[in-house]
Number of protein chains: 2
Amino acid sequence: MPQASTASRKVRAAQTRAALLDAARRLFSDRGYLNTKITDITAAAGRSTGSFYEHFAGKDELLQALLAEMEDAIDERMVGLEHPRDHDLTDRDQLRDHLGVAWTVMRQNRPVTLALFQAMVADDPGTGRAWRDLREQTETIREHLEYLVERGHQLPGDPEFIAVAMGAMLVTLNYAVLTPPGGEDDRRVIDTLTDLLLHGLAGPASHPADEA
Amino acid sequence: MPQASTASRKVRAAQTRAALLDAARRLFSDRGYLNTKITDITAAAGRSTGSFYEHFAGKDELLQALLAEMEDAIDERMVGLEHPRDHDLTDRDQLRDHLGVAWTVMRQNRPVTLALFQAMVADDPGTGRAWRDLREQTETIREHLEYLVERGHQLPGDPEFIAVAMGAMLVTLNYAVLTPPGGEDDRRVIDTLTDLLLHGLAGPASHPADEA
DNA sequence: GTCTATATTGGGATAGAC
DNA sequence: GTCTATCCCAATATAGAC
């Protein structure tokens, strides 16, 4: 049975770990993952370098921990929500819903999504990691698109490619757009992307009847 | 007036410079810009480190030189080609033409475009460089979109944002797609992107009359 | 201009006291 | 577990002979 001192030791360890993760998040969203040094994190967290390695083997492992935390948070919010394969992405509301969730999650976890993006791009291009990562991240979208194809809908091309292309646009915009999350800007982004991806630059075709 | 030995000296210097640029191009497309060390370049070029600094102040300056070479090559091929603002990107042929040129140029200069992409993403996110770069690279598209708006066409959102979103998709796909340039794959990519951006996932609207 | 050899530095990682 | 102090190396950059 743990003594009081042992327990308190554990608590402090957890505090340190949390402080490191928190400092990392703050730094990542500002200077980015690549330019943030381990010493920057420890300094911002008010801990020592030695202490860092007691908790993480390196910066990449810390990023994995942040990712795990993010996924836990998402799972918690999504608990019990069914997500059947047969969503119709050519339905505006359903498409908007998907893009909205994706965008919101990315924005709310910007330090992490941004770090993952940098890590992906910093890797050697020849490894094909970028395609693999994008493919994984857009798995759900791909399934929905494949479902559409099965039902006889004519997509502009290969579902896998289209899904990756959509993902590429989203993650890069998430990186490039600086406006703070949760505001009016997010709504506008989601609306624009929805309409762009639904009907393209040409817009919803105005039926001859409408013009009369 | 330069002597024979002086001229030959200049020639050898130019050769070295060219060898360094060439080696860099080869390495960039494989391991990427960020992971390529200056010593890698000099080794691949069969020159010494000291010699490198005689030609470039650093890796970033070498990249600028590569960029300049690329722009020269483009200018040369585009010489005399008018590019009026009043292109209609809701016309399939014109849209496809723009996307095709953009994609082909990126692919043919993949070492450079890839390096520029990595450099853009590696920068601190807070500086807004990503948005600025994407905005610049899509200037032509933006102008065409603004022209459409002026003519009363309803775009899915702000022209600047749409142009950047299109650029984000293109440059990230250029990074992620590994297939060699110039092949059948390029044609398919261009076709898919054209149709996706023209009419979206829903596809060209089938008029009620067509279904009868 | 190009080379070899060396200086320099930033930052990741560990040793050992507490 | 946390700290301070130190080691270590990779990679940049320079010095100086040729």
Side-chain angles (χ1 to χ4, degrees), chain A residues 1-24 26-28 30-66 115 118-119 122-124, chain B residues 1-24 26-28 30-66 115 118-119 122-124:
Chain A
M1 191 156 190
Q3 299 163 293
S5 64
T6 307
S8 140
R9 194 184 174 89
K10 268 189 187 170
V11 169
R12 290 194 48 211
Q15 284 175 339
T16 296
R17 192 186 141 92
L20 290 169
L21 289 171
D22 214 54
R26 265 178 286 125
L27 291 169
F28 286 174
D30 190 34
R31 342 179 165 178
Y33 172 71
L34 298 175
N35 289 329
T36 298
K37 311 304 166 197
I38 290 180
T39 50
D40 294 336
I41 300 173
T42 54
R47 310 294 154 128
S48 70
T49 15
S51 205
F52 179 92
Y53 290 97
E54 192 65 30
H55 295 276
F56 309 103
K59 207 170 59 167
D60 47 351
E61 196 172 283
L62 178 143
L63 177 55
Q64 291 309 310
L66 282 179
Q118 278 196 325
D123 234 16
D124 299 10
Chain B
M1 192 154 190
Q3 300 163 291
S5 65
T6 307
S8 141
R9 195 186 174 88
K10 267 190 188 169
V11 170
R12 290 195 50 211
Q15 283 175 340
T16 296
R17 192 186 140 93
L20 290 169
L21 288 171
D22 214 55
R26 266 180 285 125
L27 291 169
F28 286 174
D30 190 36
R31 340 182 168 174
Y33 172 72
L34 298 175
N35 290 331
T36 298
K37 309 306 167 197
I38 290 179
T39 50
D40 296 334
I41 299 173
T42 54
R47 310 292 156 131
S48 70
T49 20
S51 206
F52 179 94
Y53 290 98
E54 192 65 29
H55 295 275
F56 309 102
K59 208 171 56 167
D60 45 351
E61 196 173 282
L62 179 143
L63 177 55
Q64 290 310 310
L66 283 178
Q118 278 196 325
D123 233 17
D124 300 11

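Values reported hereafter were calculated over all heavy atoms of this structure, with side chains retained and with hydrogens, waters and symmetry mates removed. Worth saying up front: this structure is predicted, and the values here are computed from it rather than measured.
A 4.5 Å side-chain heavy-atom check between D22(A) and R26(A) finds at least one atom pair inside the cut-off. For the pair L66(A) and Y33(A), the minimum side-chain heavy-atom distance is 4.5 Å or more. A 4.5 Å side-chain heavy-atom check between D60(A) and Q64(A) finds every atom pair outside the cut-off.
Note: CD1 (I38(B)) to C1' (dA11(D)) measures 8 Å, nearest angstrom. Distance CG (L27(A)) to P (dG11(C)): 13 Å, rounded to an integer number of Å. When rounded to the nearest whole Å, the span between CZ of R9(A) and P of dC18(C) equals 16 Å.
Taking every heavy atom of residues 41-49 of chain B and every atom of DNA chain C, pairs under 4.0 Å involve G46(B), R47(B), S48(B), T49(B), by number. The stretch residues 53-64 of chain B touches DNA chain C through E54(B), H55(B), each having a heavy atom within less than 4.0 Å of the strand. Residues from residues 15-23 of chain A lying near DNA chain D, meaning a heavy-atom separation below 4.0 Å, are T16(A) in numerical order.
Separation of atoms CD1 (I38(A)) and OG1 (T49(A)) is listed at 9.5 Å; rounding is to 0.5 Å. If you take OG1 on T36(A) and CD on Q118(A), they are separated by 8.0 Å, rounding to the nearest 0.5 Å. To the nearest 0.5 Å, the span separating CZ on R31(A) from NZ on K37(A) amounts to 10.0 Å.
Partners of E54(B) by side-chain contact (heavy atoms from CB on, under 4.5 Å), not counting sequence neighbours: none found. Legend: residues meeting side-chain contact (heavy atoms from CB on, under 4.5 Å) with E61(B), ordered by chain and number and at least two apart, are F56(B), A57(B). Every side chain to side chain donor-acceptor pair (under 3.5 Å) that D124(B) has, sequence neighbours left out, goes to N35(A).
The two residues T16(A) and H55(A) make their nearest non-hydrogen contact at CG2-NE2, 3.6 Å. Considering every non-hydrogen atom in both K59(B) and L34(B), the closest pair reads NZ-O, 3.5 Å.
The side chain of S51(A) places an N or O atom within less than 4.0 Å of a non-bridging phosphate oxygen (OP1 or OP2) of dC3(D).
Toward the 5′ end of DNA chain C lies the nearest nucleotide of K37(A), the other residue of the pair G50(A) and K37(A) mapping further downstream.
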